[in-house]
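Data block below; observations after.
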Amino acid sequence: MRRRALLATAATSLPAIIAGCTSPGGLGGSNAAAEAPTARLELTTIADANLPSKVLYTVRPAEGNDATAQLLDRIIDGGATTKATRPPFPEQQDIAYKDSVYELSYEVIEETPATRYSVKVDIVTDSVIEAEAIQFADLPEVDQEEFASHGLADGDPVGIGTTFLYTDAEREQSVLVPESEYSYITWDDGTEAEWVVDDAYNTTLNSYHYSADQVATAADYGHQMRERFSFELVGLPEAQQDIVETAITDGPYVVGPDDTPSDALVTLANRFRGHEQAHGLDEDGEGDLSGTYLVRYQGDVYWTTLVVQSDALTTTEG
């Protein structure tokens, strides 16, 4: 069954990520930044419309030359075709974008043999050998386009390794691959770069024709998540209530790596057992206790992160 890999990774790595946090829950000693805490609880109010972007693959609105967002705009507007060696969006997965959630589908309408080259556009450490140099403006169009697609058309920045992709037809027009005729590229403004081709491997450039179906508005999708996943913390003893309200008002409630959680925290953590973690409506949930939940508390809905080391739950309930 398909799992949301990103959340699974996040759930297992959360203790390490928040090792340096502090709160009235207490941190023990100077090793807190280096060691995972024993437990952590954080609650943040959240609106329904903001829930999808917490659990789904999310594309942010285009800013400048954001090709992914621009492509998604075209797909939503009536379908679009794009070329790539692999699908540019996740398959069979809800995607959050702007104020809606979409499901994309595609078909491969053309396959073109191609080669991907590992290249370096490097800083020149010695003098440029003029006989081995070419002006960027004199490069064939296919080579200029590859530079431009990587943001390197102006020669800045250099000193990077990347990959350039050429179809078989484009490769015949290139002077840089498969075996480069030049070792240096220069620009009119005096910028210089060393050009190196390290490796190559065969691939296929596919033409993907995408279409999009709106699954729901973000607010409606979030409402469905809240209805399905949220549970109420009610009737808490004073000690447990203090923990929850500290996590809400003062930031994460943290038990340091060398500290033992109180009976109240252990009992509170066990209240989360049996409740489904928050995830996409088309996905499978996680089985561990540590993770993210939707909690209702005193009339508000909270995006809740609970992280607890498994051996910390041996304290006797009080």
Side-chain angles (χ1 to χ4, degrees), residues 4 6-48 50-51 54-55 222-223 225-279 284-318:
R4 183 158 43 85
L6 180 60
L7 181 58
T9 301
T12 57
S13 62
L14 272 171
I17 293 173
I18 50 84
C21 294
T22 59
S23 83
L27 269 177
S30 60
N31 290 331
E35 299 180 50
T38 301
R40 176 180 183 258
L41 179 67
E42 183 174 9
L43 294 90
T44 305
T45 54
I46 190 167
D48 288 351
N50 295 330
L51 284 172
K54 286 286 191 180
V55 299
H223 174 76
M225 287 180 59
R226 174 165 53 84
E227 290 293 306
R228 174 173 168 180
F229 303 126
S230 68
F231 64 96
E232 189 169 11
L233 289 178
V234 65
L236 300 179
E238 184 177 353
Q240 295 181 36
Q241 184 174 323
D242 286 345
I243 293 172
V244 172
E245 293 184 358
T246 295
I248 292 172
T249 60
D250 297 333
Y253 182 98
V254 178
V255 178
D258 298 323
D259 295 335
T260 300
S262 65
D263 288 355
L265 179 59
V266 171
T267 304
L268 178 62
N270 282 325
R271 287 177 178 265
F272 285 71
R273 292 191 186 279
H275 294 291
E276 195 172 5
Q277 291 184 23
H279 58 79
D284 301 319
E286 307 302 325
D288 295 335
L289 179 61
S290 292
T292 51
Y293 297 85
L294 287 178
V295 169
R296 300 191 307 277
Y297 182 73
Q298 295 187 351
D300 290 319
V301 176
Y302 292 86
W303 178 259
T304 303
T305 301
L306 172 67
V307 178
V308 60
Q309 302 292 343
S310 58
D311 58 0
L313 298 180
T314 56
T315 305
T316 303
E317 288 189 13

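For the residue pair Ala239 and Ala264, the shortest heavy atom distance occurs at CB-CB, 3.6 Å. The minimum heavy-atom distance between Ala39 and Leu265, with the atom names listed, is CB-CD2, 3.8 Å. Across all non-hydrogen atoms, the minimal contact from Gly235 to Arg271 is O-NH2, 4.0 Å. Nearest heavy-atom pair, Arg296 versus Ser230, reported as atom, atom and distance to 0.1 Å: NH1-OG, 2.9 Å. Heavy-atom minimum distance, Leu41 versus Ala247: O-CB, 3.5 Å.
Residues Asp284 and His279 have side chains not in contact (no heavy-atom distance under 4.5 Å, counting atoms from C-beta outward). Annotation: side chain of Met225 is not in contact with side chain of Lys54 (no heavy-atom distance under 4.5 Å). With a 4.5 Å cut-off on side-chain heavy atoms, Leu233 and Gln240 do not count as touching. Between Asn50 and Trp303, every side-chain heavy-atom pair lies at or beyond the 4.5 Å cut-off. Using a 4.5 Å heavy-atom threshold, the side chains of Glu245 and Tyr297 count as touching. In this structure the side chain of Glu35 reaches within 4.5 angstrom of the side chain of Asp258, judged on heavy atoms. For the pair Ser290/Val307, a side-chain contact is recorded, criterion being any heavy-atom separation below 4.5 Å from C-beta on. Within the 4.5 Å cutoff, the side chain of Leu51 has heavy atoms near those of the Ile46 side chain.
From Thr44, atom OG1 reaches atom CG of Asp300 across 12.0 Å, with rounding to the nearest 0.5 Å. Distance check: Ile248 CD1 to Thr45 OG1 gives 9.0 Å after rounding to the nearest 0.5 Å. For the atom pair Ile243 CD1 and Thr267 OG1, the distance stands at 8.5 Å (nearest 0.5 Å). Remark: Thr246 OG1 to Gln241 CD distance equals 10.0 Å, nearest 0.5 Å.
No donor-acceptor distance shorter than 3.5 angstrom exists from the side chain of Arg226 to the backbone of Asp48, with no hydrogens or angles considered.
Shown here is Glu238, whose CD atom has no more than 12 heavy atoms of other residues, nucleotides or ligands within 6.0 Å.
The one candidate from Glu276, His275, Gln277 that meets the side-chain contact (heavy atoms from CB on, under 4.5 Å) condition with Phe229 is Glu276.
Note: Phe272 and Phe231 have perpendicular aromatic rings, judged against thresholds of 30 and 60 degrees for the angle between ring planes.
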CA sep, side-chain torsions, deciding dist, call: Thr260, Thr38, side-chain contact (heavy atoms from CB on, under 4.5 Å):
CA-CA 7 Å; Thr260 300; Thr38 301; over 6 Å; no

